[in-house]
Amino acid sequence: MKELGQLKHFLGIEVDHTQEGIFLYQQKYSKDLLKKFGMLKCKPISVPMEPNTKICAHEGKVLEDATMYRQLVGTLIYLTLTRPDISFAVGVMSRYMQNPKKPHLEAVRRILRYVNSMLDHGIMYKRGGECKLVGYCDADYAGDHDTRCSTTRYIFMLGSGAISWCSKRQPTVSLSTTEVEYRAAVMAAQESTWLMQLLEDLHQLIKYPIPLYCDNLSAIRLADNLVFHARIKHVEVHYHFI
Amino acid sequence: MPKPKDVKPISYKWVYKIKCRTNGSIERHKARLVARGFSQQYGLDYDETFSPVAKLTTVRVLLALAASKNWNLWQMDVKNAFLHGELDREIYMDQPMGFQSQDHPEYVCKLRKALYGLKQTPRAWYGKIVEFLTHSGYLVTSADASLFIKAKEEKLAIVLVYVDDLIITGDCEEEIFRTKRICQFNFK
């Protein structure tokens, strides 16, 4: 066993200890990634995905080098360890790993240009701050143009930094935004129970209810008051978790 | 030892690797003996193979906590971690090339410790580290099987295991120091 002193590198993540706090980032990893795919000198861009684009599974020319696409998306998935901002874009692009087409590669290249524009970004955990757990959830209604499935998104902050996040396509097709947002809230609530357990195991007492912010009023009302309305009958009973 | 009846020894392979420094010069040559685990039979040579690793969320929670509480973070790594594991089955291997016995070339080797490539090696290592940490007073947390904690008079020492990388933190400096020392002593 070798003692390596203060924590500096862990699984390719660089850890900086500053006066302000602990800063996690993957600058070296991102640079190696850009170098490997010949994008080190690409033009930076400020948004990882083009707004309002339609990405379909069956449009465009078939990529000759599908393995390269898969490697590219795979390395980007690892980059989401400290970059919740690209997790949605990467999640969308990983849906086309099976049969990548030319437009998909273009979209992934755009993510790389975005990565290049903010190489030194990461997560900051402030020193001595209060440690309060807060959750936010949102959903992208019918965002997948092939299956019309919606995407769940949530993020949890502990004190000043993000600790847990997710962007995942829902397995079922939903008819209303209420249902979609409600499902996102359920997933976030499930995660929060695990986080509570983890913090309890670490002897951190949680004496407050964990706030979970949701931007859909009807979903909030639904969680608040379980009126089993004729219109929401299709929402399965087990989704009444919160 | 002589080959027992009804035993099919598993084969092996030497794997050579050249470790390079970042500037391209050769740091050292590495030779590793790996067993060919794919020739093992389920139920006979191994059964359980699952080995837990820490969730990245756990790592981030720990770092966020350490930051807010001003805890020190220490890192350790275990050399050849997988070779420390104890085997739960009797496994025989052919004599490795270059180390054959002069007098009994027909003998087989009975493995005493885990080897790279065996199906149960990661689990054996996890079992070993769990045994070691629980023996030193740590408790496995229920939320993550690779997070260990020891509480002493309101003070904490926390160990997170990611295969062969350990993160040690907490506010009980004395306990952390002790853990680091016994770790170094036990896994050389």
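Naming convention: chains lettered A, B, ... in sequence-line order (proteins, then strands); numbering from 1 in each chain.
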Check whether [X] gets within reach of chain A through its side chain, its backbone, both or neither, counting any heavy atom under 4.5 Å.
| X | answer |
| --- | --- |
| B/Ala151 | side chain |
| B/Leu56 | side chain |
| B/Leu139 | neither |
| B/Thr58 | both |
| B/Leu147 | side chain |

ask   = For A/His9, is it the side chain, the backbone, both or neither that has a heavy atom under 4.5 Å from a heavy atom of chain B?
value =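 It is the backbone, since no side chain atom gets that close.
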task = With a 4.5 angstrom heavy-atom cut-off, could you sort out which part of A/Glu20 is near chain B: side chain, backbone, both or neither?
result =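 When you check distances to chain B, no heavy atom of A/Glu20 falls under 4.5 Å.
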request  = Classify the ring geometry between B/Tyr162 and A/Phe10 as parallel (under 30°), tilted (30 to 60°) or perpendicular (over 60°).
outcome  =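 Ring orientation, 0 to 90° scale: perpendicular.
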task = Flag the pair A/Leu112 / A/Leu72 as yes when at least one side-chain heavy-atom distance between them is below 4.5 Å, and no otherwise.
result =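 Side chain of A/Leu112 against side chain of A/Leu72, heavy atoms only: contact under 4.5 Å found.
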ask   = Going by heavy atoms in the side chains, are A/Tyr69 and A/Met93 under 4.5 Å from each other?
value =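 Yes. Closest side-chain heavy atoms under 4.5 Å.
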inquiry  = Please tell me whether A/Tyr213 and A/Asp138 have a donor and an acceptor in their side chains that are separated by less than 3.5 angstrom.
reply    =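 No pair is found: no donor N or O on one side chain lies under 3.5 Å from an acceptor on the other.
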query = Any idea which of A/Leu199, A/Leu195, A/Leu158 has the most non-hydrogen atom pairs under 4.5 angstrom with chain B?
reply =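 Ranked by heavy-atom pairs under 4.5 Å with chain B, first place is A/Leu158.
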ask   = Between A/Tyr154 and A/Tyr136, does the ring centre distance come in under 6.0 Å?
value =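 No - the distance between ring centres of A/Tyr154 and A/Tyr136 does not fall below the 6.0 Å cut-off.
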A/Arg83 to A/Trp165 six-membered ring, cation-pi geometry met (6.0 Å, 45°) =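 Cation-pi check for A/Arg83 and A/Trp165: fails.
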